[in-house]
Amino acid sequence: MIMSRIEAPRDEVTGNLLDRLLDGLPAEAVLTDLDVTAAYAHDMASFCPAGVPAAVVLPRTVEQVQHVLRTATELRVPVVPQGARTGLSGGANASDGCLVLSLTKMDRILEISPVDRIAVVEPGVVNAVLSRAVAEYGLSYPPDPSSWEMCTIGGNIGTASGGLCCVKYGVTAEYVLGLDVVLADGRLMSTGRRTAKGVAGYDLTRLFVGSEGSLGVVVRATLALKPQPPQQLVLAAEFASAAAACDAVCRIMADGHVPSLLELMDRTTVKAVNELTRMGLPETTEALLLAAFDTPDPAADLAAVGALCEAAGATQVVPAEDAAESELLLQARRSSLVALEAVKGTTMIDDVCVPRSRLGDMLEGVERIAEKHRLTIGVCAHAGDGNTHPTVCFDAADPDEARRARESFDEIMALGLELGGTITGEHGVGVLKKEWLARELGPVGVEMQRQIKQAFDPLGILNPGKLF
């Protein structure tokens, strides 16, 4: 239903809220129909509760976002900022009676500067749209989450997302130079810079990156760009064990190579991808390692890495001959999570990052956990930076299997911490990992983070119930 002052079904409290919102928003920007707002209630995570919002608002301007936040502060109404809801931790889930603040209509690319190598964008710009736009100037925006065709820059900033190319080019945080942020009380604050260098004051920009909408609402971002790299070539290496594949990863990194991509798929993942896509990947392998280079002479780099893989025990090494073959191999990796979801219908996707030297221990531990709980758990990983995605496949309609899935998920996070890692490398904490964030940070760390939250959001209205 598109709200108007006459049509809105309301009780006294909701009616006051809607009237106040409509003082500064067009009617089509305020949604209350339950069938419509239900679609905005949650992201893509399992086992994360979601409430019923009082309304969904879709502003198009900074001033409209300020009006929403001022109204929410005056009426003490929680606000849940959202992007495209492709998150995997429940960080965008609604709470009962909240305002869902969807930024997807703020989708303009405001500036692309080849000289300064920056782009200025609104939060609703889709990652892939930005990447294609800057490519026309011979530039690239490297962060490339698996959901890059759907996810938004604002959501990427909120969760500090990563992607396949992180091993060489880094994660979202390394490309956010400056932000315009609407604070909980509606004030507009600018952080950071648009220059190549700058160290004036505390780095508040980095503080907002990964804050999951709990400190303020990003309404504009200044992003660093890179020159467009040469076309990459990909190599596929088969291994008779995950340990051997992880040994190859360590050899590649220790030898000083800088691949543009270094990805791993275990046998469960390879089998699932084959069943979904019919790509004909080698199901006899226990682990498939994909390495890519976008250097001036990628073939030579692939040859060197191929030799290291063979030294680590690779049973077969196949370098792609051209871009088309390379893209086919990458498509197999990009299909991993969808393929694993098809195994049982529901997945819990973990996001544990460990030191590269402990990657083999992580995969062996996940295999033990899968056997213990009698579950299918496939692992795909950004192996070059130790970021693993153990994916628990289960039948959500089977209570016992769902229980075992949750227990295995928690044991995987515990394993990651034991190995000197972190509970999330790129997906964020949200609702799913609140308990585990406290374990990782410790009581002093949690208290300091809560004090930061209090400074920016004294009433606690911004994305309540997330992180802590």
Side-chain angles (χ1 to χ4, degrees), residues 14 17 30-59 65 68-69 72 76-105 123-124 145-147 150-152 154-161 184 208 210-218 337 341 346-351 391-392 394 396 402 405-406 409-410 413 423-424 426-438 449-450 453 457 459-468:
T14 304
L17 170 62
V30 182
L31 311 177
T32 61
D33 187 293
L34 291 176
D35 290 335
V36 176
T37 60
Y40 292 85
H42 56 83
D43 62 18
M44 298 177 69
S46 302
F47 291 107
C48 294
V52 178
V56 174
V57 291
L58 297 101
V65 175
V68 171
L69 269 296
R76 306 300 195 263
V77 177
V79 177
V80 177
Q82 283 186 352
R85 304 187 306 282
T86 58
L88 294 165
S89 66
N93 284 15
S95 56
D96 285 335
C98 77
L99 286 176
V100 166
L101 179 60
S102 173
L103 283 307
T104 55
K105 299 295 185 182
S146 295
S147 58
M150 300 178 288
C151 64
T152 62
N156 294 168
I157 292 170
T159 58
S161 61
F208 280 101
S211 65
E212 302 186 33
S214 65
L215 301 179
V217 178
V218 172
L337 298 181
E341 186 176 50
T346 308
T347 57
M348 290 191 73
I349 304 171
D350 225 319
D351 173 37
T391 303
V392 185
F394 66 101
R406 181 66 210 225
F409 184 88
D410 286 344
M413 283 192 286
I423 60 168
T424 177
E426 57 187 9
H427 291 172
V429 175
V431 176
L432 193 60
K433 299 186 176 184
K434 287 171 59 176
E435 173 190 349
W436 288 95
L437 178 65
Q449 298 221 3
R450 283 177 172 160
K453 165 75 169 171
D457 180 23
L459 298 177
I461 67 168
L462 288 176
N463 216 5
K466 315 296 167 48
L467 293 169
F468 310 113

Side chain to side chain contact (heavy atoms under 4.5 Å, CB included) evaluation trace for T347 with L337: CA-CA 9 Å; T347 57; L337 298 181; over 6 Å; no
Do you know the tightest heavy-atom contact between [X] and [Y]?
{"X": "A55", "Y": "V30", "answer": "CB-CG1, 4.3 Å"}
{"X": "S161", "Y": "P145", "answer": "OG-CG, 3.6 Å"}
{"X": "S102", "Y": "G83", "answer": "OG-O, 4.5 Å"}
{"X": "T86", "Y": "C151", "answer": "OG1-CB, 3.5 Å"}
{"X": "A41", "Y": "G51", "answer": "CB-O, 3.8 Å"}
{"X": "T152", "Y": "G124", "answer": "CG2-O, 3.6 Å"}

Donor-acceptor contact present, side-chain [X] to main-chain [Y], <3.5 Å:
{"X": "D96", "Y": "V52", "answer": "yes"}
{"X": "R76", "Y": "L459", "answer": "no"}
{"X": "D351", "Y": "H427", "answer": "yes"}

Test of understanding: with side-chain hydrogen bond (donor to acceptor under 3.5 Å, both in side chains), list the residues that count as partners of [X], not counting sequence neighbours.
{"X": "N93", "value": "none"}
{"X": "T346", "value": "none"}
{"X": "D43", "value": "none"}
{"X": "E212", "value": "none"}

[atom1] of [X] to [atom2] of [Y]: how many Å apart, nearest 0.5 Å?
{"X": "N463", "Y": "L101", "atom1": "CG", "atom2": "CG", "result": "10.5 Å"}
{"X": "L69", "Y": "L462", "atom1": "CG", "atom2": "CG", "result": "6.0 Å"}
{"X": "T104", "Y": "Y40", "atom1": "OG1", "atom2": "OH", "result": "5.5 Å"}
{"X": "L99", "Y": "Q82", "atom1": "CG", "atom2": "CD", "result": "11.5 Å"}
{"X": "L432", "Y": "M413", "atom1": "CG", "atom2": "CE", "result": "6.0 Å"}
{"X": "C48", "Y": "L88", "atom1": "SG", "atom2": "CG", "result": "9.5 Å"}

Partners meeting ring pair (Phe, Tyr, Trp, His ring centres under 6.0 Å) with F47 (sequence neighbours left out): F394
Partners meeting ring pair (Phe, Tyr, Trp, His ring centres under 6.0 Å) with F409 (sequence neighbours left out):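 F409 satisfies ring pair (Phe, Tyr, Trp, His ring centres under 6.0 Å) with no residue once adjacent residues are dropped.
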Using side-chain contact (heavy atoms from CB on, under 4.5 Å) as the criterion, list what pairs up with [X], not counting sequence neighbours.
{"X": "P49", "result": "V431"}
{"X": "S211", "result": "F208, S214, L215"}
{"X": "Q449", "result": "L441, F468"}

Residues E341, I349; criterion side chain to side chain contact (heavy atoms under 4.5 Å, CB included); working and verdict: CA-CA 10 Å; E341 186 176 50; I349 304 171; over 6 Å; no
[X]: which residues meet the salt bridge (Lys or Arg N to Asp or Glu O under 4.0 Å) condition with it, sequence neighbours left out?
{"X": "K433", "answer": "D350"}
{"X": "R406", "answer": "D410"}
{"X": "K105", "answer": "none"}

Heavy-atom side-chain contact between L103 and V218 under 4.5 Å: no
